[in-house]
Number of protein chains: 2
Amino acid sequence: MKNLNDFNELALGSRLKSLSDRMFADVDALYKSRGIELSSRCFASLLLLRANGSMGITELARQLGQTHSAVSQLSKTMLKAGVIDQAKDPSDERRRLLQITPAGTQLLEHNKDLMDDIEAALRDAIAVTQHEFMAALNGLDQQLDEMSLFDRVKTRENARREKAVEIIDFEPRYRDDFKRLNVEWLEKYFYVEAFDNQVLSNPEEYILEPGGHIFFARLDDEIIGTSSLIRQEDGRFELSKMSITEKHQGLGLGRKLAQRAIEQFKRSDSPQLFLETNTRLTPAIRLYESLGFVHAKPEVESHYQRADVYMIYEGD
Amino acid sequence: MKNLNDFNELALGSRLKSLSDRMFADVDALYKSRGIELSSRCFASLLLLRANGSMGITELARQLGQTHSAVSQLSKTMLKAGVIDQAKDPSDERRRLLQITPAGTQLLEHNKDLMDDIEAALRDAIAVTQHEFMAALNGLDQQLDEMSLFDRVKTRENARREKAVEIIDFEPRYRDDFKRLNVEWLEKYFYVEAFDNQVLSNPEEYILEPGGHIFFARLDDEIIGTSSLIRQEDGRFELSKMSITEKHQGLGLGRKLAQRAIEQFKRSDSPQLFLETNTRLTPAIRLYESLGFVHAKPEVESHYQRADVYMIYEGD
DNA sequence: ACAAATTACGTAAGTACTAACGTAAATCCT
DNA sequence: AGGATTTACGTTAGTACTTACGTAATTTGT
């Protein structure tokens, strides 16, 4: 029969929870056997308050690794039990400073031996395992402080996806994806102009047949991004119709799609590569700048109202 | 500013809880970012069910380190989500066997990469700390399985107390304690007979002046146990009036108090040491046997109705 | 200097559990 | 065999939190 241990790090959360629940239950039972009504959860706060003098709710919450709401509620029980009292912070009227009362200090002192026993019992149980549990825990805590588990997994996910993404040329079966991606982008930042609809519905006629190119980013069997090179009548190329599904942004897909277009431009005999965009799209502009585009004055007026930035590719 | 880390093992429960909460929150967020509505808590159960086939509620609860109630409630959500189904155990009509559905298996398979990422991210975070967190956790888990934290602390508490207990001779200022302890014992097991009250209220007259002895067990400034040697008219000693406060039983105090009485008997010129007790008090009888007392027929009738066992000291 | 943003805290509602109790089926004990 | 005990599970009420939202005081940006 498999148990949680067999799932290694995957079930770590469940196992830590179960372990801490067991500890709290046992420590509560120990306090109760001494006739202490106060829950063991209060003791961590009391120890912090005794060590640090007076503390605000948020401050205490951060130390305990809980929300301020939890501490706010906890403080009520402790106030009622008379082990802490409160005072307004004179320099910040919002803050309620908590501090331990003589009764609270006495409670801690009176049960110092019990707390010593708990500490020693755990230290012993850990010692016989021949592993440095506390140091390992401190290390893990610190690692997750530096970068959360969420961010760590996202980084891995992105790395794995970026590796799995292929940049491919236009194929007729992806015609609908071409329109879908561009409309999604237009509706997010601007609105779909009349000319857009024409081009997006007939990419072969408007882009490929005049000598342009369409590229796709494909993840498994899903098309998640696109870019185009549109050939002008004077032979110049326009980098355009660049769009990446919201879900997969931040993977560096824009750079990949643009780089592929630049390569294509270089292989051609086209005299110039330019693009039009909008000042609002700062991340995109920064990307273009880093790829070797420089700002310039437009030579002819744009097909699109939204365009107010004009850039020319000058190479690296 | 001190934080929970500075309290070492004492605040371990709080720290583990906070760490597991963080993990659950992050993993939940990760699942949610994938559009999975099912809480991450369900996944541990699903993994166990997939690995082990069908399991009963209690069985699953034990593996998860939770109560059967928790699993019973959790199973409802999982049933409603369609990731598990249930069937009566044909060999035990009480048991409800849970098993994973194809939909559940598919959910796990479809998110295998995410689970791999979570596992790998944690493994990495642990690896850079240069500590073997998982091995240390397994070790601590196992230690606490072998003996609970509660029992460990109780053992320490008792050892510390036993060490701190002194066996002392009678002093007039402890006269009230002598009566209190004996009355407590009598009321618990029998009732206070008329002759008891006489003796207990006048220990000097009835016990010490005829050549007897009274011993006390003192913990700090508290008298927590007593025993007496009562000198008979024929010179024999009776081991009697043995009582230990309920709170401090199980510390081996009875043995200490009896041993002190035996020593005193040996130093005297008394021809015999005997005692009277009751068959109901098996732990006490076992103690007397281990100290060298043997069962015998009483030579004279007892002062007390409750006495139905008579023992004589024969040495080791 | 003053609106906007942030911070500190409280409250209400929801979640995930436990403790305590109850019921039904199985097992144990002569 | 049949009463006593144990085991498996469900339900209810309570606990310890969180999330979400609101208010008031403080800080920031220009």
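Order of the sequence lines fixes the chain letters, A, B, ..., with proteins taken first and strands second; residue numbering starts at 1 for each chain.
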Integer-rounded Å distance: dA25(D) C1' and R96(A) CZ: 16 Å
Salt bridge present between R15(B) and D141(A) (N-O < 4.0 angstrom): yes
Gap between atoms CG and C1', on L79(B) and dC9(D) respectively (whole Å): 14 Å
Under 3.5 Å, which donor-acceptor pairs link side chains of residues 36-46 of chain A to any protein atom two or more places apart or in another chain?
from   : atom 1 : to     : atom 2 : distance (Å)
S39(A) : OG     : R41(A) : N      : 3.0
S40(A) : OG     : D28(A) : OD1    : 3.1

Neighbour count above 12 (heavy atom, 6.0 Å) for H295(B) NE2: yes
Evaluation steps, salt bridge (Lys or Arg N to Asp or Glu O under 4.0 Å), between D145(B) and R22(A): CA-CA 10 Å; D145(B) 281 344; R22(A) 261 209 286 181; 3.0 Å; yes
Atom-to-atom span, CG of L38(A) to C1' of dA16(D) - whole angstrom: 14 Å
Interatomic distance where CZ belongs to R22(B) and P belongs to dT18(D) [whole Å]: 13 Å
Along DNA chain D (nearest heavy atom to each residue), the more 5'-positioned of Q86(B) and S39(A): Q86(B)
Residue pair E289(A) / M311(A), side-chain heavy-atom distance below 4.5 Å: yes
Find every protein N or O atom lying less than 3.5 Å from an N or O atom of nucleotides 26-30 of chain D, and list the pairs.
from    : atom 1 : to     : atom 2 : distance (Å)
dT26(D) : OP1    : E93(A) : N      : 3.2

Interatomic distance where CG belongs to L19(B) and P belongs to dC17(D) [whole Å]: 16 Å
Euclidean distance, atom CG of residue D26(A) to atom P of dA19(C) [Å, nearest integer]: 11 Å
Where S75(B) and I57(B) come nearest, the two heavy atoms and their spacing: OG-CD1, 4.2 Å
Test log, rule salt bridge (Lys or Arg N to Asp or Glu O under 4.0 Å), inputs E246(B) and K188(B): CA-CA 10 Å; E246(B) 186 155 16; K188(B) 185 174 172 190; 3.4 Å; yes
M23(B) CE to dA16(C) C1', straight-line distance once rounded to whole Å: 19 Å
Nearest-angstrom distance from the residue atom CZ of F24(A) to C1' of dC17(D): 11 Å
Lys/Arg-Asp/Glu bridge criterion (N-O < 4.0 Å) met for D89(A), R94(A): no
Sugar-phosphate, base or nothing in reach of K88(A), heavy atoms under 4.0 Å: nothing
Phosphate OP1/OP2 of dA24(D): any R95(A) side-chain N/O under 4.0 Å: no
R62(B), CZ atom: more than 12 neighbouring heavy atoms under 6.0 Å: no
Stretch residues 56-76 of chain A: residues that reach within less than 4.0 Å of DNA chain D through a heavy atom: Q66(A), T67(A), S69(A), A70(A), Q73(A)
